[in-house]
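Counting starts at 1 for both ligands and their atoms, following the listed order.
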Amino acid sequence: MKKIRLVLTGIGNLGQRFCRILFDKDAQLQERYGLRFVLVGAADSRGAAYNHKGLDLAEVLLLKATGGSVSKYGEGGRPGWSAQTLVEFAEADVLLEATPVNLQQRAEPGLSCMRLAMRHGMHVITPNKGPLALAYRELQALAQTQRVQLRFDGAVAGGLPAINLGTRDMRGAIIERIDGVPNLATGFVMDQVAEGTPWEEALSRARLEGVLDGDGAWDLEGWDAAAKLVILANAVLDIPATLDDVSRTGILGLTPAELAAARKRGERYRLLACAERQPEGDYRLSVAPATLTPQHPLGALGSKHMAIRYTTDIYGALTTIIEEADPTPSAATMLRDLLDIYG
Ligand SMILES: NC(=O)c1ccc[n+]([C@@H]2O[C@H](COP(=O)([O-])OP(=O)(O)OC[C@H]3O[C@@H](n4cnc5c(N)ncnc54)[C@H](OP(=O)(O)O)[C@@H]3O)[C@@H](O)[C@H]2O)c1
């Protein structure tokens with residue numbers, strides 16, 4: 001049995017669901033892969049917990065479910081420790097980085113945790129778009145120098161393996177275009193408004209459903225989709241794109257009348273993220289709302305669907321869709337990435 005020591009920074013929607021998956025699947029993972037994943041450290045915004053023998057996942061989950069901090073963990077609670085302190089101190093094999101995107105604060109603490117982990121020889125797995133959108137090239141270079149893996153299959157379109165498909169299954173192809181609906185919140189809100197729900201109420205429902213955070217600007221202004229497109233461009237198309245390279249239009253300019261009219265015609269609006277290959281071989285990157293007819297390959301997406309379509313020279317056009325009723329599939333990508341490294 002191979003023991004893999006994990007450190008988790010961020011124990012919110014995704015972090016907690018990942019712990020639950022690990023708890024539920026421990027026996028299956030040991031039997032099928034001969035792997036025992038042991039969480040030795042975890043951090044939230046109020047502190048950390050560390051125990052080199054392993055933390056009790058049930059106790060971590062109970063603390064978080066009751067609104068507490070892991071720093072209150074019985075044997076190993078470390079009040080006052082930052083996520084960076086934990087990563088610096090921990091003896092572990094993998095960092096799972098699941099703190100908020102925080103682009104306004106230079107993607108911290110995620111970015112520095114990832115740098116620290118790699119410098120300490122840990123692999124890094126993250127669904128956090130912030131550090132990748134800001135510093136993809138630097139992080140990949142660091143991973144190479146340190147001979148560790150940087151994996152992030154959950155960073156684009158939740159549980160849909162958008163990155164894996166693009167990097168592994170489109171090998172050898174010229175990708176003519178990528179069309180994606182990688183953001184859940186915008187589709188959900190536009191569908192609600194198209195059906196006659198006032199904007200503010202649609203936003204409240206999206207928050208209740210857990211698909212929209214805070215004031216919603218990150219999603220509604222198209223930043224989330226743009227960050228995902230930047231990651232796809234770097235990882236799949238191998239172009240050094242940044243957020244500045246994306247022409248970005250969010251959904252706030254749409255009126256309820258426009259949304260309702262499209263619905264009446266049998267069409268629906270989606271926030272499309274596109275990379276289109278130009279004759280010179282470079283790519284035009286854009287995020288903008290578009291009306292999609294039912295015949296469009298992405299035209300039948302429901303309110304909790306995300307999708308990605310690769311159009312290539314040799315593999316034809318491949319469209320994949322995920323229905324993500326809650327963030328469990330997104331959290332499960334951290335297990336997928338772990339098994340890609342060790343399985
Ligand atoms: N939710 C999804 O469906 C989804 C899907 C794909 C990717 N993602 C990405 O995954 C990441 C986590 O998302 P989430 O939905 O789990 O977020 P979340 O529910 O807001 O949880 C964030 C976690 O990070 C902790 N945290 C915040 N600031 C911190 C700091 N300075 N130091 C240490 N910990 C800090 C929070 O601590 P407290 O517990 O103390 O508040 C919380 O545990 C984000 O980058 C998000 O973009 C999310």
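- Between V40 and A92, the closest heavy-atom pair is CG2-CB, 4.1 Å.
- Ring pair Y136/F152: centre-to-centre distance below 6.0 Å.
- Looking at residues two or more places apart in sequence or on another chain, you find a side chain to side chain contact (heavy atoms under 4.5 Å, CB included) between S303 and F188, D191.
- Applying the salt bridge (charged side-chain N to carboxylate O under 4.0 Å, His left out) test to E276 and every residue at least two apart in sequence or in another chain returns R177, R284.
- More than 12 heavy-atom neighbours from other residues, nucleotides or ligands sit within 6.0 angstrom of CD on E176.
- Residues passing the salt bridge (charged side-chain N to carboxylate O under 4.0 Å, His left out) test with D26: none are found, sequence neighbours excluded.
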As a test of reading the model: which N/O atoms of the protein lie under 3.5 Å from N/O atoms of ligand 1, and at what distance?
{"unit_1": "ligand 1", "atom_1": "15 (O)", "unit_2": "N13", "atom_2": "ND2", "d": "3.3"}
{"unit_1": "ligand 1", "atom_1": "16 (O)", "unit_2": "N13", "atom_2": "N", "d": "3.1"}
{"unit_1": "ligand 1", "atom_1": "16 (O)", "unit_2": "L14", "atom_2": "N", "d": "2.8"}
{"unit_1": "ligand 1", "atom_1": "19 (O)", "unit_2": "N13", "atom_2": "N", "d": "2.9"}
{"unit_1": "ligand 1", "atom_1": "19 (O)", "unit_2": "N13", "atom_2": "ND2", "d": "3.2"}
{"unit_1": "ligand 1", "atom_1": "34 (N)", "unit_2": "D44", "atom_2": "O", "d": "3.3"}
{"unit_1": "ligand 1", "atom_1": "34 (N)", "unit_2": "S45", "atom_2": "N", "d": "3.3"}
{"unit_1": "ligand 1", "atom_1": "37 (O)", "unit_2": "S45", "atom_2": "N", "d": "3.1"}
{"unit_1": "ligand 1", "atom_1": "39 (O)", "unit_2": "K64", "atom_2": "NZ", "d": "2.8"}
{"unit_1": "ligand 1", "atom_1": "40 (O)", "unit_2": "S45", "atom_2": "N", "d": "3.2"}
{"unit_1": "ligand 1", "atom_1": "40 (O)", "unit_2": "S45", "atom_2": "OG", "d": "2.6"}
{"unit_1": "ligand 1", "atom_1": "40 (O)", "unit_2": "R46", "atom_2": "NE", "d": "3.2"}
{"unit_1": "ligand 1", "atom_1": "40 (O)", "unit_2": "R46", "atom_2": "NH2", "d": "3.1"}
{"unit_1": "ligand 1", "atom_1": "43 (O)", "unit_2": "I11", "atom_2": "N", "d": "2.8"}
{"unit_1": "ligand 1", "atom_1": "43 (O)", "unit_2": "I11", "atom_2": "O", "d": "3.4"}
{"unit_1": "ligand 1", "atom_1": "43 (O)", "unit_2": "G12", "atom_2": "N", "d": "3.2"}
{"unit_1": "ligand 1", "atom_1": "45 (O)", "unit_2": "T99", "atom_2": "O", "d": "2.7"}
{"unit_1": "ligand 1", "atom_1": "45 (O)", "unit_2": "N128", "atom_2": "OD1", "d": "3.3"}
{"unit_1": "ligand 1", "atom_1": "47 (O)", "unit_2": "K129", "atom_2": "NZ", "d": "2.9"}

